[in-house]
Amino acid sequence: MLDHLIKGADLVDGTGAPARRADVGLRDGRVAVVAAAGTVTEPARATEDATGLVLAPGFVDPHTHYDAQLFWDPYATPSMSHGVTTVVGGNCGFTLAPLRAEDADYTRRMMSKVEGMALQALEEGVDWSWHGFGEYLDALEGRIAVNAGFMVGHCALRRYVMGADAVGGRPTAGQLREMVRLLREAMDAGAWGLSTTRSSTHTDGDGAPVASRHAEPDEVLALCAAVGEHEGTQIEAIVAGCLDRFADDEIDLLVEMSAAAGRPLNWNVLTIDAAVPDRVPRQLLASERARKAGGRIVALTMPILTPMNMSLGTFCALNLIPGWGEVLALPVGERIARLRDPEVRAEMLRRADSPEAGVFRRLADFGRYVVGDTYSPENAGLTGRVVGDVARERGLDPFACLVEICARDGLRTVLWPMPPDNDPASWALRRDTWEHEDVLLGGSDAGAHLDRMCGAPYTTRFLGDCLRGRRLVGLERAVRMLTDDPARLFGLRDRGRVAVGAHADLVLFDPERIEAGPATLVHDLPGDSPRLDSRAVGVVSVRVNGVETVRDDEVTGAVPGRVLRSGRDTRTVPVR
């Protein structure tokens, strides 16, 4: 007998094959039957009519930071509501294990700073009781609603072995051997491989460059070689050039890392903008060279423009513009005084428009900012207005106008920059870039930057755009890009497709309505901390390992997810 039978769905199975009307039967957490609609005669404990709905594999998000959130939110909201059934965590060199008890506070403050996680939520929502990576995985086992796999963060390895010397120091030969041993131990327990960062934007809670930024190439390559000794492993890496264009030495290092491990390496995020036509070929040069050297480098890119709010009052991407961090770190009163100084503003604008600002140059067109929440009577009526329009009315330049608006709110004003790359040429370039064999959709950062951005709904927003918007790719290909493509990159066993014997990770949705609602600020984290959330539209049901976890955008309370462990749940992906 089947556990559940879905009848008459338009099955888009993840392979890219044309949709077909089908009945899909589930048993013991797997797909037991796939047959033409109306032909299944085996009885089922439960049956549902899916006429007019699309049944697809559950979506795989290749870049998240749910490492902490899963402890207080086993449903990985809002990702699971948007059809995501498998998440990849432990990215960018940051993980919560291995961990010495005395380093828990340092780790919390680092994660709060570098990944925008609410410090109070980290303090109240996680018990921090583990030491080894295997203990961390065990702490999640049996209590999550999504499937989750995790890389090992280079920063955590360094901190565990070197203590405070991890920031600024170089390991002794014995310390490097210990880092390699810990990495092997973590992979034996199921870690997916190594993640590391050399990005200039990554600083810890003390404002210092995070630990992995101090590693020399020989250290990084020794860890990568250890990754290649274990089945079903990967590498994820961030370097400064990920934000704009790789330097030659960065390409050299990424290629050497993948070749040393004999494993795919992924990085994020490839920003595609027709106004910067040389960026995509430069970034994909790393992939071309890796293949020649016996490796593989895959660029993650988002298929939507993720809204991201800004503020002059709290840490955000504006702080990462060269020279801006010093001003924006001042006490509020002093900060306002400096921002009101025309010479200070002129220098800030000069730095923001310089080549060293890289991709952050796109944030400096202040006339294209939309005013969000305001807090003072003087700013009444400005919410939803474009700063450039207000500036013209007041006879001010846009940046001076924006500063005055924010100053009247004590710098609490919420700002929404309009993306400069929402033009037909940029969308055409995205469509062409998606054709590249080493480009993969993803990079949501779900679970991080919680009050600044909400990338988790990229799956439903992309499908809605494919069905009723720009229609850059067809439905079958869009589903494959969200399911089978990431499943194949990570070597997921029996996931990413709807096929007999596959794990029953499924999403059932209405093609006429599938979409993501607007991002709204909610206060549902431990300690009443805020985050941006987005409701799914048109998602009828989500199943993880055969068990329904979402029905009509409401979580059911079931926690059938599994901690996916390398080797057991992933196979080695060849790079040649």
Side-chain angles (χ1 to χ4, degrees), residues 67 90-111 113-114 128 130-137 150-200 202-230 233-240 247 249-250 252-263 265 295 566:
D67 309 56
N91 288 295
C92 300
F94 308 121
T95 50
L96 309 189
L99 178 75
R100 294 189 185 276
E102 60 268 27
D103 290 330
D105 181 63
Y106 172 86
T107 301
R108 286 191 292 264
R109 291 187 298 107
M110 178 185 71
M111 298 300 278
K113 176 68 177 293
V114 79
W128 302 91
W130 53 82
H131 297 285
F133 202 87
E135 293 176 75
Y136 166 77
L137 297 181
F150 298 90
M151 315 291 281
V152 184
H154 190 177
C155 290
L157 291 172
R158 260 190 156 240
R159 183 78 185 190
Y160 192 93
V161 172
M162 300 175 64
D165 290 341
V167 173
R170 293 195 63 182
T172 64
Q175 287 174 326
L176 180 54
R177 285 194 298 272
E178 179 63 6
M179 275 191 269
V180 170
R181 186 194 69 78
L182 281 171
L183 175 59
R184 287 172 174 151
E185 181 181 89
M187 291 184 292
D188 285 341
W192 284 21
L194 175 75
S195 73
T196 189
T197 180
R198 303 172 77 83
S199 173
S200 57
H202 287 159
T203 56
D204 65 15
D206 300 318
V210 296
S212 62
R213 288 177 58 186
H214 302 276
E216 296 293 333
D218 60 341
E219 175 185 330
V220 177
L221 295 176
L223 293 169
C224 290
V227 170
E229 299 169 1
H230 289 71
T233 50
Q234 299 271 326
I235 304 171
E236 188 266 350
I238 306 295
V239 296
D249 62 338
E250 291 175 330
D252 291 342
L253 178 61
L254 294 175
V255 169
E256 290 172 7
M257 289 170 66
S258 179
R263 296 289 188 271
L265 177 153
S566 59

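The shown structure was predicted, so the numbers you read here are calculated from the model rather than taken from an experiment. Quick note: numbers below take in every heavy atom, side chains included, and nothing from hydrogens, waters or symmetry partners.
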Go through W128 and L96 one step at a time and tell me if the side-chain contact (heavy atoms from CB on, under 4.5 Å) criterion holds. CA-CA 8 Å; W128 302 91; L96 309 189; 3.8 Å; yes
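- Here L183 contributes atom CG and E178 contributes atom CD; the two are 11.5 Å apart, rounded to the nearest 0.5 Å.
- By the 6.0 Å contact criterion, CZ on R177 is open, its count of non-hydrogen atoms from other residues, nucleotides or ligands being 12 or less.
- Separation of atoms CD (E216) and CG (L221) is listed at 11.0 Å; rounding is to 0.5 Å.
- One N or O on the side chain of H131 and one on the backbone of L99 form a donor-acceptor pair closer than 3.5 Å.
- Taking CG of D249 as the reference point, atom CD of E256 lies at 10.0 Å (rounded to 0.5 Å).
- Here L176 contributes atom CG and R181 contributes atom CZ; the two are 13.0 Å apart, rounded to the nearest 0.5 Å.
- When all heavy atoms are compared, the tightest approach of M257 to A237 is CE-CB, 3.9 Å.
- In terms of heavy-atom proximity, A97 sits nearest to V152 at O-CG1, 4.5 Å.
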Please lay out, stage by stage, how L223 and V180 fare under the test side-chain contact (heavy atoms from CB on, under 4.5 Å). CA-CA 6 Å; L223 293 169; V180 170; 4.0 Å; yes
Take M151 and T95 through the test side-chain contact (heavy atoms from CB on, under 4.5 Å) and record every step on the way to the result. CA-CA 8 Å; M151 315 291 281; T95 50; 5.6 Å; no
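- Residues D103 and Y160 are not in side-chain contact: their nearest non-hydrogen atoms beyond the backbone lie 4.5 Å or more apart.
- A salt bridge links R109 to D206: one of the charged nitrogens lies within less than 4.0 Å of a carboxylate oxygen.
- Remark: the backbone N or O of A164 is not paired with any side-chain donor or acceptor of Y106 at under 3.5 angstrom.
- E219 places a side-chain heavy atom less than 4.5 Å from the side chain of H154.
- In this structure the side chain of V161 never reaches within 4.5 angstrom of the side chain of P171, judged on heavy atoms.
- Using a distance-only test at 3.5 Å, with no hydrogens or angles considered, no donor-acceptor pair links the side chain of R158 to the main chain of V210.
- A ring pair (Phe, Tyr, Trp, His ring centres under 6.0 Å) with F150 is found for exactly one of F94, Y136, F133, namely Y136.
- Within the 3.5 Å criterion, the main-chain N or O of C92 finds a donor-acceptor partner in the side chain of E236.
- Using a distance-only test at 3.5 Å, with no hydrogens or angles considered, a donor-acceptor pair links the side chain of S212 to the main chain of T197.
- Here the side chain of R213 pairs a donor or acceptor atom with the backbone of H202 at under 3.5 angstrom.
- Between R170 and D218 there is a salt bridge, since at least one side-chain N of the basic residue sits less than 4.0 Å from a carboxylate O of the acidic one.
- The backbone N or O of R263 sits less than 3.5 Å from a side-chain atom of S258, completing a donor-acceptor pair.
- A donor-acceptor contact shorter than 3.5 Å links the side chain of R198 to the backbone of A215.
- Considering all non-hydrogen atoms of both residues, S566 and A191 come closest at OG-O, 2.7 Å.
- The shortest heavy-atom contact between G90 and D67 is N-OD2, 2.9 Å.
- Side-chain N or O atoms of D204 include none that pairs as donor or acceptor with a backbone N or O of M110 at under 3.5 Å.
- With contacts defined as side-chain heavy-atom distances shorter than 4.5 Å, the pair L157/L194 qualifies.
- Remark: the backbone N or O of V227 is paired with a side-chain donor or acceptor of T233 at under 3.5 angstrom.
- Closest heavy-atom contact between E250 and A247: OE1-N, 2.9 Å.
- Shortest non-hydrogen contact noted between C224 and I235 is SG-CD1, 3.7 Å.
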